[in-house]
Amino acid sequence: MRDSSTKDTTERSRILMLIVQGAIIGIGGILPGVSGGILCVIFGLYQLVIAVLSNPIANLKTHWRLIIPVGIGVGLGFLGCAGLVSNFMETYGQQAVCVFVGLIVGMLPDLWKDARKNGITRGSIPAMIISFAVFTGLLLFLQTGMNLTITPNTGWYLFCGVAWGLSIIVPGLSSSSMLIYFGLYQPMLDGMARLDFSVLIPLGIGACAIVFTLSRAVNSLFAKHYSFASHIILGIVVATTVPIIPRRFSSIGEFGIDLLCILAGIVAAIAMDRICKKIAAGKEVAQS
């Protein structure tokens with residue numbers, strides 16, 4: 001009876017943690033400079049998500065206990081919190097980004113270990129350096145580009161969906177930052193907050209189209225060249241984290257608050273990692 005109770009508690013804790021991680025991924029997909037794909041990597045869910053998306057019918061049967069709680073969390077974070085994020089970003093946008101920077105920094109040691117868990121191949125380090133250089137250049141180009149003014153319509157919301165889908169498949173590619181330059185970010189966010197189907201439907205179609213098109217190729221790359229693919233992702237993570245770290249502060253007080261937010265993110269990342277490992281250990285004990 002006690003073993004059954006322990007198993008149930010462990011399972012509930014695991015599901016709750018997956019929902020929380022999914023919500024953070026969903027919110028991260030909305031925040032400028034942050035990528036939902038990066039957060040999937042940070043939480044160790046990226047390869048699982050890509051595997052399921054590459055072959056939904058076969059892999060969902062195996063991994064539905066993981067994917068469904070994460071999907072619920074993403075929905076809560078991406079749609080349920082869109083209005084809150086919109087209002088929060090107007091006042092505390094820099095602090096929110098700092099928390100996500102802390103989350104990423106806190107998980108980097110585990111990403112480094114994971115990239116090397118199956119050994120390291122000859123081209124892995126060069127691949128990491130190249131991916132870092134390419135994404136650094138891409139982000140510098142976006143940061144120095146000119147803001148565009150576009151009238152939002154169904155076609156452009158479809159483009160928003162494609163951009164968001166790419167940010168899942170290509171970790172570090174922030175769809176929100178990209179859409180800000182096109183003047184589509186705020187209209188998209190407002191439409192999501194209102195649950196406007198003229199925004200949500202093309203957004204969903206665009207995201208699903210790009211995700212299902214590219215996920216099979218990415219899954220194949222990980223299956224055949226794990227070290228190579230993992231180091232590419234690691235280079236992207238570092239390249240896309242550095243530019244979003246705030247470098248301008250209105251006062252020493254603001255600098256202190258931003259620093260505390262980064263530290264809070266690091267602490268949260270370490271805490272979530274320990275909780276996940278504890279839950280995994282508890283599950284193994286319950287099954288033995």
Side-chain angles (χ1 to χ4, degrees), residues 21 24-25 28-29 33-55 58-59 62-63 66-67 70 100-143 163 165-175 177-178 210-245 262 265-266 269-270 272-274 276-277 280:
Q21 290 177 336
I24 294 173
I25 291 168
V34 182
S35 160
I38 281 290
L39 293 170
C40 284
V41 174
I42 295 303
F43 294 136
L45 298 170
Y46 178 73
Q47 292 171 58
L48 172 65
V49 170
I50 293 298
V52 170
L53 291 174
S54 67
N55 193 346
N59 290 321
T62 306
H63 301 297
L66 292 173
I67 291 299
V70 171
F100 278 86
V101 168
L103 283 172
I104 295 169
V105 171
M107 288 293 187
L108 277 178
D110 279 341
L111 289 182
W112 178 254
K113 290 178 184 177
D114 183 73
R116 293 170 169 249
K117 70 179 182 181
N118 295 333
I120 182 169
T121 57
R122 197 174 200 180
S124 297
I125 298 300
M128 182 176 67
I129 295 171
I130 291 171
S131 68
F132 173 82
V134 168
F135 269 80
T136 298
L138 175 63
L139 291 169
L140 286 174
F141 171 77
L142 288 175
Q143 286 180 345
L166 281 173
S167 74
I168 297 175
I169 299 298
V170 184
L173 182 61
S174 172
S175 59
S177 295
M178 185 189 307
I210 199 69
V211 164
F212 289 120
T213 300
L214 297 181
S215 57
R216 188 177 294 272
V218 175
N219 188 53
S220 177
L221 179 62
F222 269 98
K224 296 177 181 178
H225 307 285
Y226 183 85
S227 175
F228 183 79
S230 296
H231 280 79
I232 288 176
I233 297 300
L234 193 58
I236 293 173
V237 170
V238 176
T240 53
T241 301
V242 173
I244 66 174
I245 298 174
I262 292 175
I266 293 174
I270 295 172
M272 278 192 287
D273 181 57
R274 289 181 178 176
C276 288
K277 288 177 179 177

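Please read these numbers as outputs of a predicted model, since none were measured by experiment.
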> Which pair of non-hydrogen atoms, one from S124 and one from T121, has the smallest distance, and what is that distance?
Replying inline: OG-OG1, 2.7 Å
>> I125 vs F228, test: side-chain contact (heavy atoms from CB on, under 4.5 Å). Steps then yes/no.
In response: CA-CA 8 Å; I125 298 300; F228 183 79; over 6 Å; no
> Any side-chain heavy-atom pair from L45 and V70 closer than 4.5 angstrom?
Replying inline: yes
> Under the side-chain hydrogen bond (donor to acceptor under 3.5 Å, both in side chains) rule, what pairs show up with a residue in residues 126-138, not counting sequence neighbours?
Replying inline: none
Donor-acceptor pairs under 3.5 Å, side chain of residues 230-239 to any protein atom, not counting sequence neighbours: which ones?
| from | atom 1 | to | atom 2 | distance (Å) |
| --- | --- | --- | --- | --- |
| S230 | OG | Y226 | O | 2.9 |
| H231 | ND1 | S227 | O | 2.8 |

> About how many Å separate CG of L108 and NZ of K113, when rounded to the nearest 0.5 Å?
Replying inline: 12.5 Å
